[in-house]
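First up is the structure itself, then whatever we jot down about it.
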Amino acid sequence: MAPQTRRTTSFPRVIIDNDTDSEHSSSEEEEEEQVEEEEDVAVRNNGMEPEQSLDPKNKGKAPICISLKKVCKVCKKAGHEAGFKGATYIDCPMKPCFLCKMPGHTTMSCPHRIATEFGVIPASHKCSSNQLFYVFERQLGHTRSQVKPVRIIPDQVCCAVIRYHSRRVTTLEFHPTNNNILLSGDKKGQVGVWDFGKVYEKIVYGNIHSCIVNNMRFSPANDGTVYAASSDGTISCTDLETGISLSLLNLNPDGWQGPNSWRMLYGMDLNKERNAVLVADNFGYLYSVDIRSNTKTGEAILIHKRGSKVVGLHCNPVQPDLLLSCGNDHYARIWDMRRIEARSSLYELAHKRVVNSAYFSPLSGSKIVTTSQDNRLRVWDSIFGNLDSPSREIVHSHDFNRHLTPFRAEWDPKDPSESLVVIGRYISENYNGAALHPIDFIDISTGQLVAEVIDPNITTISPVNKLHPREDILVTGSSRSLFVWRPKESESVEPKDEGKIVVCGKDMKRGGGHGDESDNSDGDTFSSKKKNSKGKKSNLKSYKSINKKVKR
DNA sequence: AATGCATGCGGCC
DNA sequence: TGGCCGCCCTGCAT
């Protein structure tokens with residue numbers, strides 16, 4: 001097509017702004033070659049002839065000028081570039097630091113990245129000595145150890161289910177008594193039950209929820225029963241053996257009436273003493289359901305800003321009537337369930353942005369760690385101390401884009417000193433040429449990064465992580481796959497199943513129970529002990545190397 | 001390989 | 001207050 005033809009069309013005039021070392025334009029042929037060669041061609045407006053902008057079909061837009069400058073993808077300005085150079089991401093210097101959000105530097109030179117104690121901001125004042133504190137210390141202080149144990153970090157993938165779910169994993173939960181059973185929920189509403197000790201033993205229930213499973217908890221009375229809260233607005237109660245499920249609460253009995261009325265359930269926890277399931281919705285309300293009668297108790301209570309999502313609920317492990325909530329209104333709040341009503345919170349813990357999670361410490365229940373979208377973990381060393389400001393803020397990359405499950409820092413339930421948390425990292429790091437997203441173990445008493453765990457085969461971001469309540473095991477939900485990590489020397493996998501990777505087919509709707517090695521019904525299965533069949537090519541690349549890695 | 005899409009949240013008007 | 005626009009490291013399907 002001749003250039004003249006293009007200029008007579010109604011499209012904005014296209015001008016090639018050749019910004020090579022020489023200021024002069026080259027011939028049109030050369031320009032076209034350069035257009036093909038250039039990777040980054042920016043389109044920007046510049047002031048042009050008035051008759052162009054008067055053209056009604058241009059709708060007042062100035063003609064488009066195609067610049068051949070190397071242009072920043074982030075701020076669209078010339079002179080620098082942002083984006084991946086190999087496996088290293090170069091920040092745009094015009095934007096605040098992607099890690100700590102402060103202007104004046106980039107992630108690479110961020111003081112929080114360089115600091116030995118990875119990004120700790122000390123509290124402006126520390127005052128943790130009121131009367132309650134001393135009473136607490138005398139009564140409960142012994143439940144946590146002041147001596148930090150030797151950290152055993154599960155840092156080797158020992159088995160995995162690739163593409164187990166049909167959508168990304170959103171929540172994980174360990175079985176309360178059976179050490180090898182892992183529950184997983186996904187964005188589509190499916191609930192998976194996986195015996196990772198036997199690797200092939202897996203079931204996916206697809207009819208419990210119709211969209212995101214946000215939280216799951218085992219029944220304290222019966223460990224074959226699990227409760228789940230979902231964005232479909234229901235709490236389910238499922239028998240894991242049969243998959244038979246009943247709905248304890250349905251906030252959308254009239255079905256879909258548009259996005260303004262559709263209620264979704266996010267935060268959920270159990271209050272054992274009250275035999276209650278507590279859930280909170282996307283409009284700021286808390287609900288309580290009695291699990292003996294399966295009926296709602298009382299009215300919904302507004303616990304966060306009206307219309308804002310409550311994403312997390314946690315009952316204190318020592319005093320279950322103490323409830324911790326967090327939400328999109330930038331607050332975490334502590335409540336007393338014995339006298340809870342709107343605006344009656346005991347404390348409000350302010351954050352700069354959305355709070356993804358807030359948890360009491362697992363043993364003494366006296367510490368709090370929160371994860372906020374401002375890329376900071378906040379630590380309160382004692383709920384009996386001064387809660388006006390956190391004891392520590394730890395800068396850590398976990399602000400997510402809209403398509404990821406929110407990151408949550410989770411305690412190590414086995415750590416007697418209550419100082420170790422695990423959380424996935426959003427920002428990628430260059431590991432010998434591969435851009436990987438590690439899973440971080442952080443000592444919240446110092447802010448120190450204790451370990452960063454990676455596997456070259458996990459190239460996706462891993463926002464969902466959980467540490468085993470009794471064993472040195474980490475499980476990770478990364479995209480649609482699940483990974484089990486153990487410490488390097490651990491031999492606790494059944495020998496015949498060691499290092500097995502199960503790959504589920506993408507068309508899997510419901511897991512077949514006992515996938516032995518010849519069972520291909522819901523996807524190919526592979527292990528390090530047998531040769532790979534010539535299965536699906538796209539999967540092959542990733543699990544081949546996993547197999548190589550786990551073969552020891 | 002390139003493209004499109006799903007759809008949360010902050011900021012701006 | 002509400003609607004609309006835009007988004008820096010997605011993941012997956014086509």
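Hydrogens, waters and symmetry mates play no part in the numbers below; they use all other heavy atoms, side chains included.
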Quiz item: Would you call Asp186(A)-Arg167(A) a salt bridge at under 4.0 Å N-O?
Solution: no
Self-check item: Enclosure of Lys305(A) NZ (heavy-atom neighbours >12, cutoff 6.0 Å)
Solution: no
Practice problem: Please determine, for the side chain of Val354(A), which listed nucleotide (dG10(B), dC7(C), dC9(C)) has the closest atom? | Solution: dG10(B)
Exercise. Among the candidates dC9(B), dC9(C), dC12(C), find the nucleotide nearest to the side-chain atoms of Phe84(A).
Key: dC9(C)
Exercise. When you get a sec, tell me which of dC9(C), dC12(C), dA6(B) is the closest nucleotide to the side chain of Ser479(A)?
Key: dC12(C)
Exercise. Name the residue closer to the 5' end of DNA chain C, choosing between Cys92(A) and Ser462(A) according to the nucleotide with the nearest heavy atom.
Key: Cys92(A)
Practice problem: Not counting sequence neighbours, which residues clear side chain to side chain contact (heavy atoms under 4.5 Å, CB included) with Leu248(A)? List them please. | Solution: Tyr227(A), Ile235(A), Cys237(A), Leu246(A), Val277(A), Val289(A), Ile291(A), Asn294(A)
Quiz prompt | With Ser247(A) via side chain to side chain donor-acceptor pair (under 3.5 Å) - residues at least two apart | solution = none
Exercise. To the nearest Å, give me how far apart NZ (Lys188(A)) and C1' (dA6(B)) are.
Key: 14 Å
Exercise. Tell me which nucleotide among dG11(C), dC9(C), dA6(B) gets nearest to the side chain of Arg402(A).
Key: dA6(B)
Quiz item: Any idea which of dC9(C), dT7(B), dA13(C) is nearest the Asn401(A) side chain?
Solution: dC9(C)
Quiz item: Under a 3.5 Å cutoff on both atom distances, Watson-Crick or G-U, what's the dot-bracket for DNA chain B ([ ] crossing, | other strand)?
Solution: .|||||.||||||
Quiz item: Which nucleotide in the list dC12(C), dC9(C), dC9(B) gets nearest to the side chain of Arg480(A)?
Solution: dC12(C)
Quiz item: For Thr476(A) and Trp485(A), does a side-chain donor sit closer than 3.5 Å to a side-chain acceptor?
Solution: yes
Quiz prompt | Closest to side chain of Lys187(A), choosing from dC8(C), dG8(B), dT7(B) | solution = dT7(B)
Quiz prompt | His314(A) and Phe360(A) aromatic centres sub-6.0 Å | solution = yes
Self-check item: Per His330(A) side chain, nearest of listed nucleotides dC12(C), dC8(C), dG10(B)
Solution: dG10(B)
